[in-house]
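Worksheet: one structure, shown below.
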Amino acid sequence: MRIALDPGPEGGPVRVQRLDERGAPLAPPAELAGPLDVVALEREHAPRWVFARQRSYRELVRAGVDVARAHDVELVEGLLVAAAGRFGHPHGLAAAAARLHGREPEPDPRAADPDDRLALFDPTPPPDELADLVAVHAAQQSALAAGPAGMRLLAAAESAAALVAEEMTAAGLPWRADVHDELLTGLLGRRPALGGRPPRLAALADEVRAAFGGRPVNPDSPADVLRAFARAGHELETTRSWELRRVEHPAVEPLLAYKELARLHSAHGWSWLRTWVRDGRFRPEYVVGGVVSGRWATRGGGALQIPRSLRGAVRADPGWRLVVADAAQLEPRVLAALSGDHALAPGEDDLYTALAATEFGDDRGKAKLALLSAMYGGSGGEAGQLLGVLRRRFPAAMAFVDGAARDGEEGRLVRSHLGRTCPPARPGHERPDRARARGRFTRNFVVQATAAEWALVLLAELRGRLRAAASPAVPVFFQHDEVVLHAPAEAAQDAAAAVRAAAETAGLRLFGSSPVRFPMQVRIVEGYDQR
DNA sequence: AATACTGGCGCC
DNA sequence: AAAGGGCGCCAGTATT
C-alpha cells in the first residue's frame, strides 16, 4: 500500500489518502488527529509514504515519527522531466500538476517558497496539495513502470535519501564548541572582538607589508596583492597559491600563511561556531539532488567543506563512538564497473597503490593523478603522459569516458548508470573551447553521477539495516562517499558491519554480478580526526 | 544600501 | 608538478 501525505499548513490537520501501487486511490482523503496516527498507519500497513518534497517529512521527524519507505514526488519529477529531455521545466508539485492537466503557464515553485519571508504576510492559506500529490504520483508511477528498472531503483533510493537527510539534520553532527575554540585559538591566537582580526592574522599581514617595503597591502584583495608584486618586479596572472609558490619573494611565505588562516577564520571561525553549533550539534540542511550529478548539496554552514584542521571538534558523546566509513576510491571503481574494465579494480586493495606498483614506480600520487585526470578530463602537463599509460592498460575504461566526452561535445544526451540525465549544454557550445568544456563535464558526469547513485543506494540500504536491527546507531553526516554514524560504544561494531553490508548490497543493486568490489574503510573513533 | 559578480580556496 | 569535474562560502569589487 501507498499513502499520500500532505502535512498542510502549520498547526492544521495532516491529510492522507490510501493508494494502490499504481497510485490509484483506495479510499477518500482523510484527516489525521496527529503524528501518532501516522505511527499507527505505519505499523498496520508498512506503506510507502508519498510526500510532495523533502520538507514534508521534516515535521514528522521532529515529532519523532519514523517511516520505513517513501516516494518524494518533487525529486522523482526532476528525474523524470530530465529523462524525457524536458529540461528547464520546473519540477515542483504545483508545476507538475499544471503540466499534467495541461494548464499554462506552469507556476514557478520559487514563488511559493515556504521560507519566503514575504509569505508570512500572505493572507491566502496554502492550497490543499493532496489532490495534486495523488495525481502527479499516479502519473509518475506509470512513467516509472514504462521505463527502465534503473529509474525505479533511482527513484526509491533518492526518496530514501531524502528521509536520511532530514533525519541527519534532526540528529545533528556532535560538535564540541570548546574544542573548536581551542583549535582556533591555537592557530589564530585569542579570539578577537566581534569583527576584529585575530592576532596571528594581524601579525602575518604586518609581515607581508614589511616584505613589500612597508607599503600597505591588503592581503585580502587579490588586485592589491597583484599590484604589490608587480611593483616588486613579479608580473602575476592571479594570486592563486600554486602560482604564488613559484615566486621568489619574502612576502610569499607570510602571504600564503595569511590566506590559509584567513580562510579558516572567515569560513569556519568563531562566527561560524556561533551561527551553526547549538547544544553540541552542527545541523546543516542537506539538499538531496542539489547537484546536477545527483550529489547532495547543503544550505548553510559549508557542511561539505569542514576543514581537516577542525575535525577534532567533531567528538562522540561520552560512552558513544563515531563510526566513520568512506568508500575507498569510489569513482575509479565505479568506472571499472560501468565500463566492464575489471582490470582497473581487481580486488579490495588500494587501487592507486596497486597501479603505482606496476606502472608508476610506486608513486601513488602519480597513479592517483592519472586516474583522476581520466575522469575529470585533465590533459595538461604531466597528466597527458600518465594518461597514455592508462590507455594502454585500461582501454575499455578509457573508451568509456572518452565516449561520454564525445557524446557531450557533439551534443548528445548523457546519462548515469541508473538513468539520471545530464542537463544539456548552455548556449555557446558551438565554440570549440566550449564544446571541449562540455566534453569534460559529461566525461565526469557519467562517473560522478553513478558514484552518487551508488552512495544513495548505500544510504537507503544502511537505513533499512539499522531500522531492521533496531540499532541505536544514527547516521549524522554524509559527504559524497563518506558516512558518519553516532553510536553507543557497544553498538559501534554492529553499525560498522551494517555499513559494509550496505556497501556490498549497493554494488549488487547497481551492477549485479560485476566482480568489482566497493570496500568501505571504516574506523571506530571518538574524534573525527582520529585514524 | 542592496545586489551581483569574481577570485580564491575548502571539501569530495 | 600542474591546474581537469562538482559544489558553497567569504571578502573584495563593480553595478545599480
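These figures come from a predicted structure and were not determined experimentally. Chain letters run A, B, ... following the sequence lines, proteins first and then strands; every chain starts at 1.
Looking at heavy-atom distances under 4.0 Å, A:G300 makes contact with sugar-phosphate atoms alone, never a base. Using a 4.0 Å heavy-atom criterion, one finds that A:G301 contacts the sugar-phosphate atoms exclusively.
Between the P atom of C:dG5 and the CZ atom of A:F400 lies a distance of 19 Å, rounded to the nearest Å. Following rounding to the nearest Å, A:L369 (CG) and C:dG5 (C1') show an atom-to-atom distance of 14 Å. Summarising the geometry, the separation between CD on A:Q385 and C1' on C:dA2 is reported as 13 Å, rounded to the nearest angstrom. As rounded to whole Å, 12 Å separates atom C1' of C:dA1 from atom CZ of A:R245. Rounded to whole angstrom, the span from the NE2 atom of A:H268 across to the P atom of C:dC10 amounts to 9 Å. Straight-line distance from the CG atom of A:L256 to the P atom of B:dG8: 13 Å, rounded to whole Å. Here the C1' atom of nucleotide C:dG4 and the CG atom of A:L387 are 10 Å apart, to the nearest Å. Here the P atom of nucleotide C:dG5 and the CG atom of A:L371 are 17 Å apart, to the nearest Å.
Scored by the side chain to side chain contact (heavy atoms under 4.5 Å, CB included) test, A:L304 finds A:T298, A:Q479, A:H480 as partners (sequence neighbours excluded). For A:N444, the side chain to side chain contact (heavy atoms under 4.5 Å, CB included) criterion is met by A:Y376, A:Q448, not counting sequence neighbours. For A:R200, the salt bridge (Lys or Arg N to Asp or Glu O under 4.0 Å) test picks out no residue, with sequence neighbours left out.
No side-chain donor-acceptor contact under 3.5 Å links A:R509 and A:T505. There is no side-chain donor-acceptor pair under 3.5 Å between A:E166 and A:Y286.
A:R176 has a carboxylate O that lies under 4.0 Å from a charged side-chain N of A:D178, or vice versa, which qualifies the two as a salt bridge.
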Polar-atom pairs under 3.5 Å, protein N or O versus N or O of nucleotides 13-16 of chain C: list them with distances, or write none.
from   : atom 1 : to     : atom 2 : distance (Å)
C:dT13 : OP1    : A:S221 : OG     : 2.5

Taking N or O atoms only and anything under 3.5 Å, show me the protein contacts with nucleotides 10-12 of chain B, one pair per line.
from   : atom 1 : to     : atom 2 : distance (Å)
B:dG10 : O4'    : A:R263 : NE     : 2.6
B:dG10 : O4'    : A:R263 : NH2    : 3.2
B:dG10 : N2     : A:Q305 : NE2    : 3.0
B:dC11 : OP1    : A:R308 : N      : 3.2
B:dC11 : O3'    : A:R311 : NH2    : 3.1
B:dC12 : OP1    : A:R308 : NH2    : 3.2
B:dC12 : OP2    : A:R308 : NH2    : 3.1
B:dC12 : O3'    : A:D481 : OD1    : 2.5
B:dC12 : O3'    : A:D481 : OD2    : 3.0
B:dC12 : O2     : A:R295 : NH1    : 2.9
B:dC12 : O2     : A:R295 : NH2    : 3.2

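Within the structure, every side-chain polar atom (N or O) of A:R440 is placed at least 4.0 Å from both OP1 and OP2 of C:dG4.
A salt bridge (Lys or Arg N to Asp or Glu O under 4.0 Å) check over residues 392-420 of chain A, counting only residues at least two apart or in different chains, returns the pairs A:E158-A:R420, A:E359-A:R392, A:E359-A:R393, A:R391-A:D402, A:D402-A:R443, A:D407-A:R412, A:E410-A:R412.
Of the candidate nucleotides B:dG8, C:dA11, C:dG5, C:dA11 has the atom nearest to the side chain of A:S266.
No hydrogens or angles were tested; on distance alone, a donor-acceptor pair under 3.5 Å links the side chain of A:S373 to the base of C:dG4.
Ring-plane geometry between A:W175 and A:F282 is classed as perpendicular, the angle between the planes exceeding 60 degrees on a 0 to 90 degree scale with a lower cut at 30. Between A:F511 and A:H417, the angle of the ring planes lies from 30° to 60°, which puts this pair in the tilted group.
In terms of position along DNA chain C, the nucleotide closest to A:R246 lies nearer the 5' end than the nucleotide closest to the other residue of the pair A:R246 and A:G302.
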